[in-house]
Structures are given as C-alpha cells and as structure tokens.
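Reviewing the structure listed below.
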Amino acid sequence: MTDRTDDRRHEGERPALSHAVYGISVASELTDIPVQTLRLWERQGLLAPQRSKGGTRRFSADDITLIRRIAALVADGVNLAGVARILDLRDANEALRDNNKALQEDNDILRSAAGYDFEERQSVHSQRARTDGTRNRARQTG
DNA sequence: ATTCTTACA
DNA sequence: TGTAAGGA
C-alpha cells in the first residue's frame, strides 16, 4: 500500500440526486442518448443541466432520470414540443396539488377555529348544490 | 482530449 | 440535419 489515500474504495457512495457531476459524454452513455441530442433537447427547453465554470454541462442523477423520461416519450412518438408541454403539465399538476393541499389545511384550521360542526357534510359539492337549490326554490315561491 | 457555440450547405 | 471551424 502506497500513500494513495485518495483512492475511492467506498463503492456504495453516490452523489446526491441533485448533485450535478456528470459530463455530457457520461450522461450520454448512461442514457444511450447521443451527445448532440442532449444538446438539442436542452436548446428546446427540455433540459437545464448546470454549467461548470468553464461553461460545460454538468448533469445530476435527477437530470439522468429526466432524460430517460423524455426518451420514453420520444420513443412513443411524441415530438419535442409535445414532450415540453407534457413536462409542463406535470409541473403544473404538482403545483395545483400542493396548492390544494395547503388550502385544505387552511380550511381545517379555519373550520376548527370557527367551531362549526361539519360532520354531516359529505363533500363541498353536495353541500353547495343543496344550499343553492334551497335558495332558488325560496326565491321562486317568494 | 473534450466540449461549446456558431455557421454553412 | 449533419459537419466543420475555432475558442475555452
């Protein structure tokens, strides 16, 4: 054993998923996507790998996963514009889900703070439909 | 040696 | 779309 103490013998160690460490050629080998295609996809807005100080692309494990998802869509015949829109829709859905969750939590807090008992209510929609119908009927008779 | 952008056919 | 030039 010489003093090559910087040899990496911890084979289980892996960079964090968001840690951008792979050069474009490594990303290409890992995904079986040609280097030029990766560059094209980035220009189309499908990818946004980090850049090193020198300006070269640095891909993270998350980027590799994204590349595989894009490749799957392309293999299904989706063109690049379609892929971009599908990815945007996914992001929008996540945002909507998060927002909805936050609203529900706010609602829970407000409900308990107000002291109302909504145990009988089955859903927002059935409740609203019932009250609207009652109001309309009252207006017609009166 | 590799990667990057730009440009040209 | 592919390839070559030229810089980092």
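Order of the sequence lines sets the chain letters (A, B, ...), proteins ahead of strands, with each chain counted from 1.
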Fill in: Interatomic distance, A/Lys53 NZ vs B/dT2 P [rounded to whole Å]
24 Å
Fill in: Atom pair distance, as rounded to whole Å: CZ in A/Arg43 and P in B/dT6
8 Å
Worksheet entry | Separation of atom CG in A/Leu80 from atom P in C/dT1, rounded to whole Å | 9 Å
Worksheet item: Does the A/Asp63 side chain pair with the main chain of A/Ser60, one donor and one acceptor, at a distance under 3.5 Å?
Response: yes
Worksheet item: For B/dT2, does either OP1 or OP2 sit under 4.0 Å from a side-chain N or O belonging to A/Thr56?
Response: no
Worksheet item: Which base sits across from B/dA1 as a Watson-Crick or G-U pair, both distances under 3.5 Å?
Response: none
Item to complete: Remember a base hit wins even if backbone is also touched, and classify A/Gly55 as base, sugar-phosphate or nothing at under 4.0 Å, heavy atoms.
Response: sugar-phosphate
Practice prompt. Starting from C1' on B/dT3, measure out to CG on A/Leu40 and report it in whole angstrom.
Written response: 16 Å
Practice prompt. State, yes or no, whether a side-chain contact exists between A/Ser28 and A/Ile33 at a heavy-atom distance under 4.5 Å.
Written response: no
Worksheet item: Does some side-chain heavy atom of A/Val74 sit less than 4.5 Å from a side-chain heavy atom of A/Leu80?
Response: yes
Worksheet entry | Rounded interatomic separation in angstrom, taking CD from A/Gln36 and P from B/dC4 | 11 Å
Worksheet item: Do the side chains of A/Val26 and A/Leu30 get nearer than 4.5 Å, heavy atoms only?
Response: yes
Practice prompt. Measure the distance from CZ on A/Arg39 to C1' on C/dT1 and round it to the nearest whole Å.
Written response: 15 Å
Worksheet item: A/Arg51 CZ to B/dT3 C1': how many Å, rounded?
Response: 9 Å
